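Owing to the predicted nature of the structure, the values given are computational and were not obtained by experimental measurement. Both counts, for ligands and for their atoms, begin at 1 and track the order of listing.
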Amino acid sequence: MTADMDPVKLMKQEVGRAAAAKVQSTSVVGLGTGSTTAFAIQFLGERLKTGDLTDIKGVPTSFQASVLAKQHGIPLTTLDEIDHIDIAIDGADEVDPQQNLIKGGGAAHTREKVVDSLAKQFIVVVDSSKLVDKLGTTFPLPVEVLPMAIAPVTQALIKLGGTPELRMGIKKDGPVITDQGNMVLDVKFTAIDDPAALEKIINNIPGVLENGLFVGVATEVLIGEVKNGKATVRTL
Ligand code: 5RP
């Protein structure tokens, strides 16, 4: 994986590198999903190869994360085999000034929330385009739903003021199916005034597995930026 001069790719690469540099030997590491975390996984693999990092174990948040981790030589474990996660690295679709997030652009938010919430340190890796004043303004909220409950959950989300749309596959007819065998409704809200309340209300609808609001979970947000053609990383 190499980053060409595409500035967004460059920002993702550098922020992924910065997050991977924070991981210490013997750590249990939550491995997020998405194109930014993919760079972090790549750099973790490179540190393992050079011997700069030793004896880490990864907890993948998706099938895709486990494929990438294996490709880069990161040993994997499961939540049944460990009793803590030291650090998790994961991307986001939106980040607000309070470090609350919308996640689920890759339909992996259910497992991501389990792993990221367990981590003592949860580092979010984003490029600067993900920063918003208010959640919900640029990205719809992903909600994972049991297939048999799609109709009533859709109605309940409309009653909450949202506009839900069933996420459809690309290069596959029909809906996206998550790693758990469920479907995803992408729900457009004009803006989300109280993310903590909405997270709970949506998760309380029967048939909803999890939604993509991550409130009070992130401990640090690393932001990749390009200034004068040079990629830099700053902390929110
Ligand atoms: C997957 C996610 C991703 O972390 C999020 O969509 C950001 O992805 P990317 O780094 O490719 O922009 O939540 O479910």
Acceptor/donor pairs from residues 143-153 side chains to any protein atom, 3.5 angstrom cut, sequence neighbours excluded:
residue: Glu144; atom: OE1; partner: Thr110; partner atom: OG1; Å: 2.5
residue: Glu144; atom: OE1; partner: Gln180; partner atom: NE2; Å: 3.2
residue: Glu144; atom: OE2; partner: Thr178; partner atom: OG1; Å: 2.7
residue: Glu144; atom: OE2; partner: Gln180; partner atom: NE2; Å: 3.0
residue: Glu144; atom: OE2; partner: Asn182; partner atom: ND2; Å: 2.9

Which atom pairs, nitrogen or oxygen on both sides, join ligand 1 and the protein at under 3.5 angstrom?
residue: ligand 1; atom: 4 (O); partner: Thr33; partner atom: O; Å: 2.8
residue: ligand 1; atom: 4 (O); partner: Gly91; partner atom: O; Å: 3.4
residue: ligand 1; atom: 4 (O); partner: Lys103; partner atom: NZ; Å: 3.0
residue: ligand 1; atom: 6 (O); partner: Asp93; partner atom: OD1; Å: 2.6
residue: ligand 1; atom: 6 (O); partner: Asp93; partner atom: OD2; Å: 3.2
residue: ligand 1; atom: 6 (O); partner: Gly105; partner atom: N; Å: 3.3
residue: ligand 1; atom: 10 (O); partner: Thr36; partner atom: N; Å: 3.0
residue: ligand 1; atom: 10 (O); partner: Thr36; partner atom: OG1; Å: 2.6
residue: ligand 1; atom: 11 (O); partner: Ser35; partner atom: N; Å: 2.7
residue: ligand 1; atom: 11 (O); partner: Ser35; partner atom: OG; Å: 2.5
residue: ligand 1; atom: 12 (O); partner: Lys12; partner atom: NZ; Å: 3.4
residue: ligand 1; atom: 12 (O); partner: Lys130; partner atom: NZ; Å: 2.7
residue: ligand 1; atom: 13 (O); partner: Lys103; partner atom: NZ; Å: 2.9
residue: ligand 1; atom: 13 (O); partner: Gly104; partner atom: N; Å: 2.8
residue: ligand 1; atom: 13 (O); partner: Glu112; partner atom: OE1; Å: 3.2
residue: ligand 1; atom: 14 (O); partner: Gly106; partner atom: N; Å: 3.1
residue: ligand 1; atom: 14 (O); partner: Ala108; partner atom: N; Å: 3.1
residue: ligand 1; atom: 14 (O); partner: Glu112; partner atom: OE1; Å: 3.2
residue: ligand 1; atom: 14 (O); partner: Glu112; partner atom: OE2; Å: 3.4

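- Pro75 approaches Leu48 most closely through the heavy-atom pair CD-CD1, 4.2 Å.
- Among residues two or more places apart in sequence or in another chain, the side-chain contact (heavy atoms from CB on, under 4.5 Å) test is passed with Thr36 by Lys12, Val15, Val125.
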Please tabulate, for the side chains in residues 227-236, all donor-acceptor contacts under 3.5 angstrom to protein atoms that are two or more places apart in sequence or on a different chain.
residue: Arg234; atom: NE; partner: Glu225; partner atom: OE1; Å: 3.2
residue: Arg234; atom: NE; partner: Glu225; partner atom: OE2; Å: 3.1
residue: Arg234; atom: NH2; partner: Glu225; partner atom: OE2; Å: 3.4

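- The minimum heavy-atom distance linking Val115 with Pro60 is given by the pair CG2-O, 4.4 Å.
- Between Glu14 and Arg17 there is a salt bridge, since at least one side-chain N of the basic residue sits less than 4.0 Å from a carboxylate O of the acidic one.
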